[in-house]
Amino acid sequence: MQAEQKIFKYPYAYSLEMGGELPGFELSYTTYGKINAAENNIVWICHALTGSSNAADWWDGLVGDEKYFDPAKHFIVCVNVLGSAYGSTGPLSVNPKTQKPYYRDFPVITVRDVVGAMELLRQELGIRKIKICIGGSLGGQQALEWAVEVPDLFEELILIASNALHSPWGIAFNESQRMAIEADPTFKDEHLEAGSMGMRAARSIALLSYRNYDTYNFTQARDNPDQIDDFRASSYQQYQGDKFVKRFNAYSYWVLSKIMDSHNVGRNRGGIVHALGLVKAKTLVLGIKSDLLFPLSEQQFLARHIPDAVFQEIDSLYGHDGFLIEYKQLTQVIRAWQETNGQLQMARM
Ligand SMILES: CC(=O)SCCNC(=O)CCNC(=O)[C@H](O)C(C)(C)COP(=O)(O)OP(=O)(O)OC[C@H]1O[C@@H](n2cnc3c(N)ncnc32)[C@H](O)[C@@H]1OP(=O)(O)O
Ligand SMILES: N[C@@H](CCO)C(=O)O
């Protein structure tokens with residue numbers, strides 16, 4: 001598969017929605033395939049909370065050779081979000097003003113800032129029209145924010161397990177995770193591993209919102225009913241915490257959770273309903289039945305207020321994380337939606 005990972009360098013001061021600025025930034029991005037002569041094969045993928053620009057890795061059932069988004073047919077772009085841990089400017093980047101990493105001094109950034117930076121990259125790449133912009137969770141929040149801000153840019157928009165305004169419930173989960181990080185006394189120290197044990201606990205909390213009661217019953221059933229310790233569910237939480245610590249840092253995780261909390265497409269735009277009414281793209285809104293974190297009511301709301309939108313449920317045992325797992329259903333429904341020109345006349349799944 002033809003994949004290229006590159007860095008976009010923006011050398012000018014970047015003003016932030018909440019008033020601060022970044023003295024320039026870098027975005028790490030990956031492209032797959034080539035733009036065709038008609039420039040109508042561009043797919044822009046927005047990643048979720050802890051993803052990277054390598055969409056063919058974390059979305060390997062949807063992106064790759066002979067997958068629905070196929071580099072042989074599409075030019076696929078995915079950008080690591082500002083503040084993340086996979087190559088874009090974030091808290092571990094060196095602040096040119098102090099010549100030290102930002103650590104906890106990284107400025108407050110919002111979904112709008114993340115999207116504004118991607119828009120600058122889009123202009124640099126000379127892309128005039130995006131055929132499909134797709135994202136799940138925080139990725140859907142970015143895609144929606146962008147489609148509200150630059151409505152003529154997109155032909156089609158696919159929003160999965162996402163929302164228009166981050167909910168009090170979602171914010172409460174994020175705050176609990178930040179409390180876990182802040183309770184780690186090393187988080188105040190300034191080094192790469194600071195706050196790791198807090199972040200390990202934070203990921204364990206997060207998983208409870210990404211899965212649900214039935215997921216755990218199915219995947220982590222007790223070995224026997226008389227057990228009083230060493231439960232499978234316990235070692236799973238521990239393992240997932242360890243696995244996450246090996247690939248992320250607490251400063252970025254803290255910043256990303258704040259970015260998610262900031263999401264509100266209606267801010268300074270006359271309210272949410274008005275903002276959703278600005279979207280011009282043909283839109284497919286997908287929700288996962290068992291999602292506790294972004295319940296179906298949030299996607300139904302999107303589909304009600306985005307002018308040319310349809311809504312479809314995905315059935316999954318895996319709750320919110322279903323958007324990273326249910327490839328067969330995602331492919332079926334996206335294909336049916338595209339083939340019926342947005343009418344989604346498909347057999348019920
Ligand atoms: C460069 C990069 O890393 S890019 C970033 C990649 N990540 C992302 O983009 C984020 C999106 N991805 C995700 O959130 C996840 O990968 C998901 C949701 C798609 C899948 O989650 P996973 O952790 O792979 O699956 P699951 O929850 O089933 O856990 C399986 C793992 O837990 C282990 N496990 C399962 N049960 C237990 C248990 N009882 N005790 C201990 N370990 C257990 C399995 O052995 C397996 O380990 P492995 O990951 O080392 O193979
Ligand atoms: N498991 C996903 C869930 C967030 O939507 C992630 O870590 O990015």
Separation between CG (Leu49) and CG (Leu256), nearest 0.5 Å, reads 5.5 Å

Test side chain to side chain donor-acceptor pair (under 3.5 Å) applied to Gln177 and Ser257, step by step:
CA-CA 9 Å; Gln177 293 178 63; Ser257 74; over 6 Å; no

Leu144 vs Ile306 side-chain heavy atoms within contact, under 4.5 Å:
yes

Donor-acceptor check, side chain of Gln329 to backbone of Asp315, threshold 3.5 angstrom: yes or no?
yes

For His74 and Asn41, test the side chains for any donor-to-acceptor distance below 3.5 angstrom and give the result as yes or no.
no

Is the closest side-chain heavy-atom distance between His47 and Val81 below 4.5 Å?
yes

Gln338 and Tyr68: side chain donor to acceptor below 3.5 Å:
yes

State, to 0.1 Å, how close Pro91 and Gly83 come at their nearest heavy-atom pair, and which atoms those are.
CD-O, 3.4 Å

Close side-chain approach of Tyr318 and Phe323, heavy atoms under 4.5 Å
no

For residues Ser28 and Ile7, determine if any side-chain heavy atom of one lies less than 4.5 Å from a side-chain heavy atom of the other.
yes

With a 4.5 Å heavy-atom cut-off, do Asp65 and Pro71 have their side chains touching?
yes

Would you call Glu298 and Asp291 a side-chain contact if the rule is heavy atoms closer than 4.5 Å?
no

Do any N or O atoms from the side chain of Asn36 and from the backbone of Asn40 form a donor-acceptor pair under 3.5 angstrom?
yes

Taking atom types as modelled, is there a side-chain donor on Asp184 or Thr186 under 3.5 Å from an acceptor on the other?
yes

Aromatic ring pairing His320/Tyr210, orientation class (parallel under 30°, perpendicular over 60°, tilted between)
tilted

Are the charged groups of Asp105 and Lys97 less than 4.0 angstrom apart, N to O?
no

Identify whether the distance between the nearest side-chain nitrogen and carboxylate oxygen of Glu156 and Lys282 falls below 4.0 Å.
no

Relative to each other, are the rings of Tyr14 and Phe25 parallel, tilted or perpendicular (30° and 60° limits)?
perpendicular

Mutual orientation of the aromatic rings belonging to His305 and Phe301 [parallel < 30°, tilted 30-60°, perpendicular > 60°]:
tilted

Distance-only donor-acceptor check, side chains Gln237 and Tyr216, under 3.5 Å:
yes

Can you measure from CG (Leu62) to OG1 (Thr331) and round to the nearest 0.5 angstrom?
4.5 Å

Suppose the criterion is salt bridge (Lys or Arg N to Asp or Glu O under 4.0 Å): which pairs have a residue in residues 225-248, not counting sequence neighbours?
Arg200-Asp242

Can you see which heavy atom on Ser262 is nearest to which on Ile109, and at what distance?
OG-O, 4.5 Å

Backbone N/O of Asn95 and side chain of Gln99: donor-acceptor pair under 3.5 Å:
no

Spatial distance of atom CG (Asp113) from atom CG (Leu22) [nearest 0.5 Å]:
8.0 Å

Counting N and O atoms only, with roles assigned by atom type, does the side chain of His263 sit under 3.5 Å from a partner on the main chain of Asn163, one being a donor and the other an acceptor?
yes

Could you tell me the separation between the CD atom of Glu190 and the CZ atom of Arg104, rounded to the nearest 0.5 Å?
7.5 Å

In short, Ala164 meets Leu302 closest at the heavy-atom pair CB-CD2, 3.6 Å

Please say yes or no: joined through hydrophobic side-chain contacts below 4.5 Å, possibly via intermediate residues, are Val265 and Ile160 part of one cluster?
no

When you check the side-chain N and O atoms of Asn174 and Tyr253, is any donor under 3.5 Å from an acceptor?
no

Between Leu92 and Pro101, which heavy-atom pair has the shortest distance, and what is it?
O-CB, 3.7 Å

Does NE2 belonging to His191 count more than 12 external heavy atoms closer than 6.0 Å?
yes

Which value, rounded to the nearest 0.5 Å, describes the distance between Leu207 atom CG and Asn212 atom CG?
12.0 Å

Exam field: side chain Lys129 to backbone Asp152, donor-acceptor pair closer than 3.5 Å:
yes

Would you say the side chain of Trp59 lies within less than 4.5 Å of the side chain of Leu324, judging by non-hydrogen atoms?
yes

Do Ile314 and Ile132 land in one hydrophobic cluster if side-chain heavy atoms of ILVMFWY residues count as linked below 4.5 Å?
yes

Side-chain (Thr30) to main-chain (Cys78) donor-acceptor, under 3.5 angstrom
no

Do Glu145 and Arg269 meet the salt-bridge criterion of a basic N to acidic O distance under 4.0 Å?
yes

Going by the ring pair (Phe, Tyr, Trp, His ring centres under 6.0 Å) test, which pairs reach into residues 142-183, not counting sequence neighbours?
Trp44-Trp146, Trp146-Phe154, His166-Phe294, Trp169-Phe173

Short question: side chain of Ser137, backbone of Ser162 - any donor-acceptor pair under 3.5 Å?
no

Do Leu153 and Glu119 come within less than 4.5 Å of each other through their side chains, counting heavy atoms only?
yes

